[in-house]
Amino acid sequence: MRLDGVGRRYGVRGPWVLRDIQLEVPARALVRIEGTNGSGKSTLLRLFAGIDRPTTGRITGRPRTAYVPERFPSALPFTAVGYLTHLGRIHGLSGPEAARRAADWLDRFGAAGHGSTPLARLSKGTSQKVAVAQALLAEPGLLVLDEAWTGLDQGAREVLDRAVAERVADGGTVVFVDHDPRRLAGAADARYRVADGRLVPEERGRAEETAAVRGPRVTIEAEGAPGSVPRPADAAPHLPGRPEIAPGPDGSLRLTVPAPHSDALLRALLTARPPWHIRSVLASPPPGGPGVPPADPGQGSGRGAHHHAGSDHDSDDEARP
């Protein structure tokens, strides 16, 4: 996907919100957009998603796209599962497949009990889970997230972190805005800041560096087939989460990634040809930190072993009166 000389303003005499944006976005990439309030971040994301059109310049090569807006229009005449099924049909899924994926994503986000609730009666937190689910169920080539984590409880935020890692591991591109500098810390392939209407490349900041080191991590000890294991320096950029790789015992390797990327990394190792043999999956302390117990063996095993979101706030999983 490419943006060539893209600019946007509202009205013939309106000020330029964005101007002369030049950007090439590759497949299998995680791109973070930053900027102050009112800088034009949401305008840029709407252009990425095809919801808005540029005033000048052009955008080419946009893949099948799904978008989570900053504000989800919940006053729609659907139940939660009805809305998700309808959106799945629009994305080209069959009715039964759309309904199956709708139920699966509601379950992943801990909102399965609200499938038959009208959207207008859902709490803000549950509405946001539906908004995110509608973008994920069609497995888009480009996923655009505008403050999508806002309003979600902690469990649901972790599910979304993992879903983003899955999209990138499956060859998709994710472009996101989030106010928390720790969000997906250390995982972004590129970071840009919108300032004075222009898009400026950003280096990884100190807060992100710290969060990437101190955040929860998982170490996978794995053994590849003889002759199939690349050197660590070659393997890391091509594996989900860009793991730190160190030699393990008896010819194995230890691959350490931020926890949200562990499922995607496991799936990549298990579906490789030939597949890797997984010896262990352990929660990994930060460098110099205290030891921690092994990870739950029921977690971190790819798409079928996802976490269920809980509710940190009473209102998140209850319908409005």
Side-chain angles (χ1 to χ4, degrees), residues 1-4 6 18 21-35 40-51 54 57-68 132 135-136 138-149 159-178 180-194 198-205 208-209 211-212 215 230 233-245 255 257-269 271-272 303:
M1 180 176 172
R2 188 177 181 87
L3 286 72
D4 287 305
V6 167
L18 299 169
I21 303 295
Q22 300 282 351
L23 183 65
E24 186 166 349
V25 183
R28 198 184 291 269
L30 179 64
V31 179
R32 180 179 187 120
I33 306 295
E34 300 176 348
K41 300 189 303 297
S42 291
T43 297
L44 180 61
L45 262 58
R46 287 195 296 271
L47 292 172
F48 269 114
I51 303 300
R58 65 176 188 161
I59 300 174
T60 56
R62 182 188 291 109
R64 187 164 52 86
T65 302
Y67 170 58
V68 179
V132 174
L136 293 169
E139 299 179 347
L142 173 64
L143 177 62
V144 181
L145 305 175
D146 191 354
E147 301 280 5
W149 289 263
V159 171
L160 181 51
D161 286 349
R162 291 178 180 274
V164 166
E166 289 174 6
R167 273 290 76 228
V168 175
D170 286 343
T173 292
V174 179
V175 179
F176 77 99
V177 166
D178 192 71
D180 186 349
R182 298 167 297 177
R183 179 67 54 214
L184 299 170
D189 298 288
R191 294 170 65 239
Y192 298 90
R193 176 170 295 275
V194 181
R198 301 184 185 276
L199 196 62
V200 182
E202 284 272 287
E203 296 296 329
R204 193 163 71 171
E208 188 181 7
E209 296 269 5
D234 296 331
H238 305 291
L239 290 172
R242 294 180 292 181
E244 298 173 12
I245 302 180
L255 303 92
V257 290
H261 293 268
S262 59
D263 283 3
L265 176 58
L266 273 168
R267 186 152 53 93
L269 297 175
T271 58
R303 206 169 179 81

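These figures come from a predicted structure and were not determined experimentally.
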| said: side chain to side chain contact (heavy atoms under 4.5 Å, CB included), that's the test. Do Val174 and Val31 meet it? Break it down for me. | reply: CA-CA 6 Å; Val174 179; Val31 179; over 6 Å; no
| task | Can you see which heavy atom on Val168 is nearest to which on Ala29, and at what distance? | result | CG2-O, 3.9 Å
| task | Give the minimum heavy-atom separation between Ala135 and Leu143, together with the two atoms involved. | result | CB-CD1, 3.7 Å
| Which atoms form the tightest heavy-atom contact between Tyr192 and Glu202, and what is the distance? | C-CG, 4.0 Å
| said: Let me confirm one number: the CD1-OG distance from Ile51 to Ser42, rounded to the nearest 0.5 Å. | reply: 12.5 Å
| When Leu45 is tested against each of Val194, Asp146, Val68 for side chain to side chain contact (heavy atoms under 4.5 Å, CB included), which residue passes? | Asp146
| field | Reported CG-to-CG distance for the pair Asp4 and Leu23, which is rounded to 0.5 angstrom | value | 9.5 Å
| query | Under a 4.5 Å cut-off applied to non-hydrogen side-chain atoms, are Ser262 and Leu265 in contact? | reply | no
| query | Going from CD on Glu147 to CG on Asp180, what distance comes out if it is rounded to the nearest 0.5 angstrom? | reply | 10.0 Å
| said: Contact between Ile59 and Arg2 at the side-chain level, heavy atoms closer than 4.5 Å - yes or no? | reply: no
| Atom CG in Leu145, atom CG in Asp178: separation rounded to 0.5 Å? | 9.0 Å
| query | Which pair of non-hydrogen atoms, one from Arg28 and one from Ala169, has the smallest distance, and what is that distance? | reply | NH1-O, 2.6 Å
| said: I need the minimum non-hydrogen distance between Pro140 and Leu136, along with the two atoms involved. | reply: CD-O, 4.3 Å
| task | Without swapping roles, check the side chain of Asp189 against the backbone of Leu30 for a donor-acceptor pair under 3.5 Å. | result | yes
| message | Surrounding CZ of Arg64 (heavy atoms of other residues, nucleotides or ligands, distance under 6.0 Å), is the total greater than 12? | response | yes
| query | Considering only heavy atoms from C-beta outward, does the side chain of Arg267 approach that of Asp170 to under 4.5 Å? | reply | yes
| request: Check the pair Leu3, Phe48 against side chain to side chain contact (heavy atoms under 4.5 Å, CB included), reporting the backbone distance first and the verdict last. | output: CA-CA 9 Å; Leu3 286 72; Phe48 269 114; 3.9 Å; yes
| query | With Asp161, which residues qualify under salt bridge (charged side-chain N to carboxylate O under 4.0 Å, His left out), at least two apart? | reply | Arg183
| Is there side-chain contact between Ile33 and Phe176, with at least one heavy-atom pair below 4.5 Å? | no
| request: Would you mind reporting whether Leu199 and Leu44 have side-chain heavy atoms less than 4.5 Å apart? | output: yes
| Which heavy atom in Ala148 sits nearest to a heavy atom in Val132, and how many Å separate them? | O-CG2, 3.9 Å
| field | Arg62 side-chain N/O to Met1 backbone N/O, donor-acceptor pair under 3.5 Å | value | no
| message | Would you say that Leu184 contacts Trp149 through its side chain, given a criterion of any heavy-atom pair below 4.5 Å between the two side chains? | response | yes
| request: Would you tell me whether Thr173 and Arg167 have side-chain atoms, one donor and one acceptor, within less than 3.5 Å of each other? | output: no
| message | Any side-chain to backbone donor/acceptor pair from Thr43 onto Lys41? Under 3.5 Å, distance only. | response | no
| message | What I want to find out is whether Arg191 reaches Glu34 closely enough, with some N-O distance under 4.0 Å, to be called a salt bridge. | response | yes
